[in-house]
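Okay, so here's the structure we're looking at.
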Amino acid sequence: MMSALSQVPLFAGLAAADIELLESSAKPRVFPKHTVIMTEGDETDSLYVVLSGRLRVYCCNDDGKEITLRDLHEGDCFGELALLGGSERSASVITVDAVRCLVISSPVFRELISSSPELALNLIRSLASLIRHLTENVKSLALLDVYGRVAHTLLELSDLQGGQRVTSIPMTQQDIASRVGASREMVAKILKDLETGGYISTNKKRIVIREKLPAKY
């Protein structure tokens with residue numbers, strides 16, 4: 001557990017004694033696939049550290065329409081905002097795979113951050129990165145049409161593999177729709193047209209970008 005915490009960016013550079021304090025107080029949890037760990041509006045006061053698996057952070061309106069905000073992977077943390085501000089959770093979090101986490105209570109985290117400038121600086125960096133990511137999402141939703149948002153999402157979530165970009169996580173048409181704020185039918189049409197044009201192909205829910213995506217639809 002100690003080595004796992006040492007490799008988490010939020011705790012990078014902490015003294016061994018601080019890592020040991022976190023190790024001794026953190027509670028290991030295992031969550032099955034498709035488990036909602038927290039719901040928007042919850043009043044909880046714990047920090048979650050992801051040890052393995054993938055989670056999805058999303059918001060939902062009264063009609064049940066969801067929009068995905070970001071993905072969480074090994075080494076990521078969530079719950080910082082409510083932990084520090086004492087406010088309700090701003091989004092919901094659900095497991096995509098089976099997930100292992102460490103749960104750190106607010107009193108322990110607050111005590112450590114008050115005495116560790118390194119942890120405070122790491123937290124500021126983490127929150128700044130989150131703000132940049134969410135700002136890019138807002139810009140995409142506000143300034144791009146549906147095709148532009150789909151193309152942006154495919155590029156953002158893909159890595160270079162063998163000379164071609166491949167999405168790093170499996171995604172269905174509904175997954176993409178929930179990220180771009182559009183209907184599944186519209187996303188399906190765009191993906192079909194891109195595939196027909198030879199720009200993309202699909203392999204086990206992963207999208208291969210074979211050619212540079214058109215600037216316009």
Side-chain angles (χ1 to χ4, degrees), residues 31-41 48 50-79 89-101 129-130 132-162 164-214 217:
F31 299 96
K33 183 178 180 179
H34 300 322
T35 300
V36 176
I37 296 180
M38 64 176 60
T39 303
E40 183 178 358
Y48 292 75
V50 183
L51 298 181
S52 65
R54 181 164 67 92
L55 306 95
R56 183 170 64 91
V57 183
Y58 67 96
C59 290
C60 184
N61 66 12
D62 293 337
D63 297 326
K65 183 178 180 180
E66 294 181 2
I67 184 163
T68 297
L69 301 178
R70 59 182 177 132
D71 296 288
L72 298 168
H73 305 271
E74 179 181 346
D76 289 330
C77 301
F78 60 98
R89 297 294 188 184
S90 58
S92 301
V93 180
I94 187 171
T95 60
V96 178
D97 314 308
V99 167
R100 292 189 305 118
C101 286
S129 176
L130 175 58
R132 283 194 297 269
H133 174 76
L134 295 179
T135 299
E136 286 298 317
N137 281 355
V138 171
K139 285 171 60 179
S140 175
L141 289 171
L143 302 178
L144 299 177
D145 58 15
V146 176
Y147 167 74
R149 300 200 297 270
V150 171
H152 174 80
T153 298
L154 295 182
L155 292 172
E156 181 184 39
L157 297 180
S158 61
D159 301 314
L160 198 59
Q161 299 179 19
Q164 295 177 322
R165 298 195 69 87
V166 182
T167 52
S168 56
I169 57 176
M171 291 191 297
T172 65
Q173 293 172 355
Q174 185 58 55
D175 292 333
I176 298 174
S178 70
R179 293 172 186 272
V180 304
S183 68
R184 187 198 63 78
E185 291 76 15
M186 184 63 185
V187 169
K189 183 178 186 304
I190 291 172
L191 294 179
K192 181 179 179 181
D193 289 345
L194 288 174
E195 191 162 9
T196 300
Y199 295 100
I200 67 171
S201 62
T202 304
N203 181 19
K204 296 180 180 179
K205 295 184 180 180
R206 294 181 188 267
I207 297 174
V208 181
I209 302 176
R210 299 190 173 280
E211 301 286 346
K212 182 179 179 180
L213 299 179
Y217 182 54

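In this text, all values refer to a predicted model and were calculated from it rather than measured experimentally. Just the heavy atoms: all of them, side chains too, but no hydrogens, waters or symmetry mates, feed the values below. We count residues from 1, following the sequence as given.
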Shortest non-hydrogen contact between [X] and [Y], atoms and distance:
X: Arg206; Y: Pro170; value: NH2-CD, 3.8 Å
X: Gly148; Y: Leu144; value: O-CD1, 3.7 Å
X: Lys189; Y: Tyr217; value: NZ-OH, 3.2 Å
X: Val96; Y: His34; value: O-CE1, 4.3 Å
X: Asp71; Y: His73; value: CB-NE2, 3.7 Å
X: Cys59; Y: Leu69; value: SG-CD1, 3.7 Å

Donor-acceptor pair between [X] and [Y] side chains, under 3.5 angstrom:
X: Gln173; Y: Arg184; answer: yes
X: Ser201; Y: Arg210; answer: yes
X: Thr167; Y: Ser158; answer: no

- Query: So, does Asn61 use its side chain to make a donor-acceptor pair with the main chain of Asp63 at under 3.5 Å?
  - Reply: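 Yes, because the side chain of Asn61 sits within donor-acceptor range (under 3.5 Å) of the backbone of Asp63.
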- Under the 3.5 angstrom rule, does the side chain of Thr202 hit a backbone N or O of Ile207 as a donor-acceptor pair?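 No; zero donor-acceptor contacts below 3.5 Å.
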- Using the side chain to side chain donor-acceptor pair (under 3.5 Å) rule, take Thr172 and Asp175 through it: C-alpha gap first, then chi angles, then the decisive distance, then the call. CA-CA 5 Å; Thr172 65; Asp175 292 333; 3.1 Å; yes
Tell me, do [X] and [Y] make a side-chain contact under 4.5 Å, heavy atoms counted?
X: Thr95; Y: Ile37; result: yes
X: Arg179; Y: Ile67; result: no
X: Arg56; Y: Val93; result: no
X: Tyr58; Y: Ile94; result: yes
X: Val150; Y: Leu191; result: yes
X: Asn203; Y: Val166; result: no
X: Leu55; Y: Tyr48; result: no
X: Leu155; Y: Ile209; result: yes

- Would the number of heavy atoms belonging to other residues, nucleotides or ligands and lying under 6.0 Å from CD of Glu211 be above 12?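 Counting neighbours around CD of Glu211, 12 or fewer heavy atoms of other residues, nucleotides or ligands fall under 6.0 Å, so no.
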How long is the straight-line distance from [atom2] of [Y] back to [atom1] of [X], given to the nearest 0.5 Å?
X: Glu185; Y: Ile190; atom1: CD; atom2: CD1; answer: 12.0 Å
X: Ile176; Y: Leu154; atom1: CD1; atom2: CG; answer: 5.5 Å
X: Ile200; Y: Leu194; atom1: CD1; atom2: CG; answer: 5.0 Å
X: Leu157; Y: Ser168; atom1: CG; atom2: OG; answer: 5.5 Å
X: Ser90; Y: Phe78; atom1: OG; atom2: CZ; answer: 12.0 Å
X: Arg100; Y: Phe31; atom1: CZ; atom2: CZ; answer: 12.5 Å

- Message: Could you go through Glu136 and Arg70, starting from their C-alpha distance and side-chain angles, then the distance that decides it, and tell me whether this counts as salt bridge (charged side-chain N to carboxylate O under 4.0 Å, His left out)?
- Response: CA-CA 11 Å; Glu136 286 298 317; Arg70 59 182 177 132; over 6 Å; no
- Message: Please determine whether side-chain contact (heavy atoms from CB on, under 4.5 Å) holds for the pair Leu134 and Asn137, giving the CA-CA distance in whole Å, both sets of side-chain angles, and the decisive distance to 0.1 Å.
- Response: CA-CA 5 Å; Leu134 295 179; Asn137 281 355; 4.3 Å; yes
- Query: Can you list the residues that meet the salt bridge (charged side-chain N to carboxylate O under 4.0 Å, His left out) rule with Lys192, with sequence neighbours excluded?
  - Reply: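 By the salt bridge (charged side-chain N to carboxylate O under 4.0 Å, His left out) rule, Lys192 matches no residue at all.
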- Task: Might you work through the side chain to side chain donor-acceptor pair (under 3.5 Å) test for Thr68 and Ser178, ending with a clear yes or no?
- Result: CA-CA 6 Å; Thr68 297; Ser178 70; 3.0 Å; yes
- Task: Not counting sequence neighbours, which residues clear side-chain contact (heavy atoms from CB on, under 4.5 Å) with Ser129? List them please.
- Result: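 Ser129: side-chain contact (heavy atoms from CB on, under 4.5 Å) contacts with Arg132.
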- Message: With a 4.0 Å cut-off on N to O distance, would you call Asp76 and Arg54 a salt bridge?
- Response: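 No, this pair does not count.
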- Query: Any ion pair linking Arg165 and Glu156 (charged N to carboxylate O, less than 4.0 Å)?
  - Reply: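 Here Glu156 does not pair with Arg165 in a salt bridge, since their nearest N and O are not under 4.0 Å apart.
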- Among residues two or more places apart or on two chains, list those pairs meeting side-chain hydrogen bond (donor to acceptor under 3.5 Å, both in side chains) that have a residue in residues 143-155.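 Every candidate side-chain hydrogen bond (donor to acceptor under 3.5 Å, both in side chains) pair involving residues 143-155 fails, so no pair, neighbours aside, qualifies.
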